[in-house]
Amino acid sequence: MLDPHLLRTDLDGIAQQLSVRGFTLDSARIADLERQRKIIQVETQALQAERNSRSKGIGQAKAKGEDVQPLLDAVASLGDKLKAAEQQLHVIQEQMDEILLGVPNLPHESVPAGVNEEDNIEISRWGEPTIFDFEAKDHVDLGEKLGLDFESAAKLTGSRFMTIVGPLARLHRALIQLMLDTHTGEHGYTECYVPYLVNRDSLKGTGQLPKFEEDLFYIGDDHGYYLIPTAEVPVTNMVRGEIISDEQMPLRYAAHTPCFRSEAGSYGRDTRGMIRQHQFEKVEMVQMVRPGDSYETLETLTSHAEKILQILGLPYRKMVLCAGDMGFSASKTYDLEVWLPGQSAYREISSCSNFEAFQSRRMKARWRNPETGKPELLHTVNGSGLAVGRTLVAILENYQQADGSVMVPEALHRYMGGVERLTATT
RNA sequence: GGAGAGGUGGCUGAGUGGUCGAAAGCGGCGGUCUUGAAAACCGUUGAGGGUUUAUCCCCUCCCAGGGUUCGAAUCCCUGCUUCUCCGCCA
């Protein structure tokens, strides 16, 4: 959510900044509601003040043993007037909230203009696209012989699911271990385990709701729970409604969770293979930081995700997303794209964003500034480190051999119980 | 699933429906004292919003949402949640 104060004082400026990312702000409606809000709030508060002072008077008169009936008669009509005013104010505030909850974050000044991924800008490259002296297969052809099975999952559930059997399943798990161990052991994150089902308030806090309900799996039971689309939701919401002391800052959390996405509206895209699944594993890094530190944090957190790719020897490039391609809640986002020989393309494997106070304002997540002694909204920064399924794809395709076997990257050996090469199981 | 008891400021913990935004203690901050520190003593110390140049002033908030009342932390209803006992269970 944007700062309501900013919207009041610089509505046109905000509208201008939002237009950079292709969002049209209904300035007229907001200005109108704001005008009404002001009038009715003042009126409501005046009525409340009158009620309070008169009630106080009644209490005092009663204490002295005086007859309070005339005083009661005098306030008879006040209650209805007040109730009507409060109701009116409530309605306006709800309308305002509804609009505000649907307005995306402002892009940071360093974010390039642009409307879609064509306008993203490459920042750097690491490694060279892998070259083979044979014809490279994609992960589906490779995985088929190694225990990756989409047909089985289609029987169990439906499309966009997979089963993995054998050493390849272990490799999948080994990746998670490597990522978590690296982030906790070398990058200073605290590992955490969190619920995979969350309530609406949590999803509202990080920005998935109310606008992107169709992207989520809803558990249609009495609880009103949703499957998490990313660990970002439960981990970030741990600080919802909290005031964090300065000594505890910054908070750095890493968590491995499954992620569930309905992928509504992407029916034709990436239908082959495990690039786009309804269920996938991800290791997520989340930091809650002092407002002045968040852009520096975005750089270091992104480097932590890069580190994993480097350890695994996977070629990648780092992109800064243009304003139009960024997610709803982000001020600035870097995507890491890994080289996939099977597609002869770089594909997203990590997305690292600074949300500034956008999420914390929704969550009322604050930090006590020692200089002022007052609570201030903290900043949230997060990123994937990494998407596990896509990392498995990258390993299959980049480490494939002419005979269809796949070498296990050195860094994973210690997690693989001596297995250094995956070979056909059939 | 059954029975019972709770949810109050950074923390502990009081609070006959009427100056209660809330006693007291701890913690924090400022000061006195001290060579310095501790102790002791004095003062101060929640959040959000409206109005204002600013102060003043006003409103809201005692888990959340409704209700009763001139007036609710206090009474009623619903939900969430914590604890204890029983049952079940990985």
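Chain A is the first sequence line, chain B the second, and so forth, proteins listed ahead of strands; every chain is numbered from 1.
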* Taking atom C1' in both B/C20 and B/G9, compute the distance separating them and give it to the nearest angstrom. => 13 Å
* **RNA chain B: 5'-proximal contact among A/Arg366 and A/Asn52 (nearest heavy atom)** => A/Arg366
* Regarding A/Gln359 and A/Glu232, is there a side-chain donor-to-acceptor distance under 3.5 Å anywhere? -> yes
* Verify the neighbour count for atom CD of A/Glu410: are there more than 12 heavy atoms of other residues, nucleotides or ligands below 6.0 Å? => no
* **Watson-Crick/G-U partner (both atom distances under 3.5 Å) of B/U78** => B/A64
* Less than 4.0 Å between a side-chain N and a carboxylate O, is that true for A/Glu213 and A/Arg200? -> yes
* Asked: Any donor and acceptor pair, going by atom type alone, linking the side chain of A/Glu397 with main-chain N or O of A/His139 inside 3.5 Å?
  -> yes
Give the table of side-chain donor-acceptor pairs shorter than 3.5 Å for residues 14-37 of chain A, with sequence neighbours excluded, one pair per line with atom names and distance.
from, atom 1, to, atom 2, distance (Å)
A/Ser19, OG, A/Gln16, O, 2.5
A/Arg21, NH1, A/Asn105, O, 2.7
A/Arg21, NH1, A/Ala330, O, 3.4
A/Arg21, NH2, A/Met326, O, 3.2
A/Arg21, NH2, A/Gly327, O, 2.7
A/Asp26, OD1, A/Arg29, N, 3.3
A/Asp32, OD2, A/Gln36, NE2, 3.3
A/Glu34, OE1, A/Arg37, NH1, 2.8
A/Glu34, OE2, A/Arg37, NH1, 2.5
A/Arg37, NE, A/Gln41, OE1, 3.0

* Structure fact -> Using Watson-Crick geometry (N1-N3 plus N6-O4 or O6-N4) or G-U wobble (N1-O2, O6-N3), each under 3.5 Å, B/U35 is paired with none
* Structure fact -> In numerical order, the residues of residues 31-39 of chain A whose heavy atoms come under 4.0 Å of RNA chain B are A/Arg37, A/Lys38
* Distance only, no hydrogens: is a donor on one side chain within 3.5 Å (strictly under) of an acceptor on the other, for A/Gln69 and A/Asp73? -> yes
* Could you work out the separation of B/U68 and B/G87 based on their P atoms and round it to a whole Å? => 44 Å
* With both distances under 3.5 angstrom, what nucleotide forms a Watson-Crick or G-U wobble pair with B/C70? -> B/G18
* Rounded distance in Å between the P positions of B/C57 and B/G71 -> 25 Å
* To do: Indicate, with yes or no, if the rings of A/Tyr196 and A/Phe260 have centres closer together than 6.0 Å.
  => no
* Asked: When rounded to the nearest Å, what value does the distance between P atoms of B/G18 and B/G28 take?
  -> 36 Å
* Nearest-angstrom distance, C1' atom, B/C86 to B/A47 -> 42 Å
* **P gap between B/U81 and B/G43, integer Å** => 44 Å
* Quick one: look up who B/C29 pairs with, Watson-Crick or G-U, both distances under 3.5 Å, and put none if it's unpaired. => B/G43
* Asked: Does any donor atom in the side chain of A/Glu263 or A/His278 lie under 3.5 Å from an acceptor atom in the other side chain?
  -> no
* To do: On RNA chain B, reading 5' to 3', which nucleotide is the first and which the last to sit with an atom under 4.0 Å from a heavy atom of chain A, could you check?
  => B/G18 to B/G71
* **A/Lys211 atom NZ, over 12 foreign heavy atoms within 6.0 Å** => yes
* Under 3.5 Å on both distances, the Watson-Crick or G-U partner of B/C89 -> none
* Pairwise 5' ranking along RNA chain B for A/Arg51 and A/His5, keeping only the more 5' one -> A/His5
* B/A39 and B/U45, which share atom name P, separated by this distance in whole Å -> 22 Å
* Between A/Ser202 and A/Asn199: side-chain donor-acceptor atoms closer than 3.5 Å -> yes
* To do: Using Watson-Crick or G-U wobble geometry with both distances below 3.5 Å, tell me the partner of B/C83, or none.
  => B/G4
* Please state the C1' separation for the pair B/G27 and B/C11 - nearest whole angstrom. => 7 Å
